[in-house]
Amino acid sequence: MTNQVHSIDRRTFLKSTAAVSIAGLAGCQTLAGSGNQNVKLDPPENYEQLKNAELPYPIYGERFPEATVPSPFVETDISTRQFVGDRHVLLTFVYTRCGSVCPALTSNLVQVQADAAQRGYSDEVALLATTFDPEYDTAERLRDFGEGRGANLSADNWYFLRPDSEAQVEEVVVETFGHAFQKNPSEEGMMFLHNPLLILANKQGYVERSYTNKVPNASTVVEDVRSIVE
Amino acid sequence: MRRRELIAGLAGLSTIGGAGWYLQTKMSDAAGIDPVALQTIEAPGSSGEEVTVPAPGSVSLVTFFATWCHICEAEMEPLGEVAAAIDDSVQMVSVTNEPVGYSVTESEVRQWWRDHDGRWPVAVDADLELTELLDISGVPTMLVFDENNVVTWRNRGRASAETILDEIAAVRDGSARPLQQIDGESP
């Protein structure tokens with residue numbers, strides 16, 4: 001690319017950033033004005049744009065969706081809303097044959113689990129990793145995948161969610177949480193194409209933040225969790 | 001909702017500014033980052049003392065890794081070649097941001113380091129300060145900094161020894177340009 005292109009890109013970007021931050025401020029005031037007490041974090045930076053984009057997944061302030069999915073190792077189904085009143089929830093979507101995004105999403109959950117253990121809020125969070133490849137991702141493979149990245153599966157706050165059929169994957173992952181993925185048509189590379197999605201919901205059952213498009217850095221997630229735990 | 005619409009929705013999101021990109025700017029526009037003091041692990045090539053990353057006044061090669069990451073394992077060989085080819089004027093350090101002491105012990109990191117023939121400083125970003133500063137969202141991520149702690153190269157995933165050495169040489173011969181992160185990863 002030439003310098004010319006770079007400078008145009010930059011100007012366009014800066015302009016849109018300015019617009020976003022103004023919109024973001026307005027959104028914040030509106031929320032405060034309407035007395036929305038459901039969320040603790042400030043709206044995401046580009047909230048107005050995200051809201052207008054009518055994205056299929058929750059972004060901020062929405063009621064955390066409900067889905068009930070079998071969970072290996074606890075021998076019971078887990079509802080994404082069963083923690084309402086008790087625990088804040090971090091929910092993500094993975095498959096174990098995934099090369100980089102899923103391990104990074106999972107290690108975000110591990111970082112929060114570690115921070116919770118160190119700061120004594122382990123019983124205030126629930127970490128849910130949902131596979132959208134349940135046929136391959138048996139309980140054992142999920143265990144290896146999680147423990148391989150340092151998850152403590154017996155800490156009473158870590159749950160793998162494993163839909164029992166392709167139909168349930170579609171219903172829970174796609175319909176309920178709006179997480180898009182598709183089988184990679186190419187033989188090469190990753191099995192699935194998907195955008196990272198990590199949702200943080202508070203113990204009142206409302207979405208505080210969705211991290212998407214890129215895997216967030218661990219510090220961002222840990223700090224967001226700390227601020228809603230406090 | 002139909003899958004295809006969801007995919008379209010996600011593609012739309014990328015275009016409205018959720019994804020960012022990097023810009024190469026004029027040297028004079030760039031400001032270096034404030035270095036962070038990290039504790040190294042006592043291991044081959046690594047003293048166990050505190051190290052300032054990136055080192056002001058030196059070219060630095062910083063590699064973020066995790067002990068669970070297979071690509072990081074594979075990258076240790078080219079990194080070893082780089083270590084053999086550079087002199088003391090380049091700071092080379094690998095950094096794990098895993099919760100050491102929780103999901104992995106310090107002695108496991110030390111063993112991993114030995115097993116993969118590490119022979120340069122290996123440090124822990126214990127409070128995720130450098131991770132946050134550089135917005136490291138995956139491993140391996142490699143960065144080259146110039147003497148003013150300005151990022152001139154950033155790479156997610158594997159890189160050959162030749163590529164890494166070229167990037168270090170580019171800082172030396174003055175052909176490297178600051179890489180300014182605007183928002184997140186490149187599209």
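Between the side chains of B/T67 and B/E98, at least one donor N or O lies within less than 3.5 Å of an accepting N or O. With no hydrogens or angles considered, no side-chain donor-acceptor pair links A/D133 and A/T131 at under 3.5 Å.
Residues of residues 101-126 of chain A lying under 4.5 angstrom from chain B, judged on non-hydrogen atoms, are A/P103, A/A104, A/S107, A/V110, A/Q111, A/Q113, A/A114, A/A117, A/Q118 in numerical order. For residues 217-230 of chain A, the interface with chain B (any heavy-atom pair closer than 4.5 Å) comprises A/N217, A/A218, A/S219, A/V222, A/E223, sorted by residue number.
A cation-pi arrangement, defined by a distance under 6.0 Å to the six-membered ring centre and an angle within 45 degrees of its axis, is absent between A/R143 and A/F160.
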- Mind running side chain to side chain contact (heavy atoms under 4.5 Å, CB included) on B/T105 and B/V100 for me, showing each step along the way? CA-CA 5 Å; B/T105 64; B/V100 174; over 6 Å; no
- Message: As a quick check of understanding, evaluate side chain to side chain contact (heavy atoms under 4.5 Å, CB included) for B/L143 and B/I136, giving each step before the final call.
- Response: CA-CA 10 Å; B/L143 305 104; B/I136 303 301; 4.1 Å; yes
- Does the ring-ring contact (aromatic ring centres under 6.0 Å, His included) test come out yes or no for A/F93 and A/F177, once each step is laid out? CA-CA 10 Å; A/F93 303 91; A/F177 284 95; 5.8 Å; yes
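Among pairs with a residue in residues 41-89 of chain B, those fulfilling ring pair (Phe, Tyr, Trp, His ring centres under 6.0 Å) read B/F65-B/W112, at least two apart in sequence or across chains. Among residue pairs with one or both ends in residues 66-168 of chain B, those qualifying as disulfide bond (SG atoms under 2.5 Å apart) are B/C69-B/C72; sequence neighbours excluded.
Taking the six-membered ring where the residue is Trp, the centroids of A/H179 and A/F132 are separated by under 6.0 Å.
Taking CG of A/L200 as the start and OG1 of A/T92 as the end, the distance is 12.0 Å to the nearest 0.5 Å.
Looking at B/E129, neither its backbone nor its side chain comes within 4.5 Å of chain A, counting heavy atoms on both sides.
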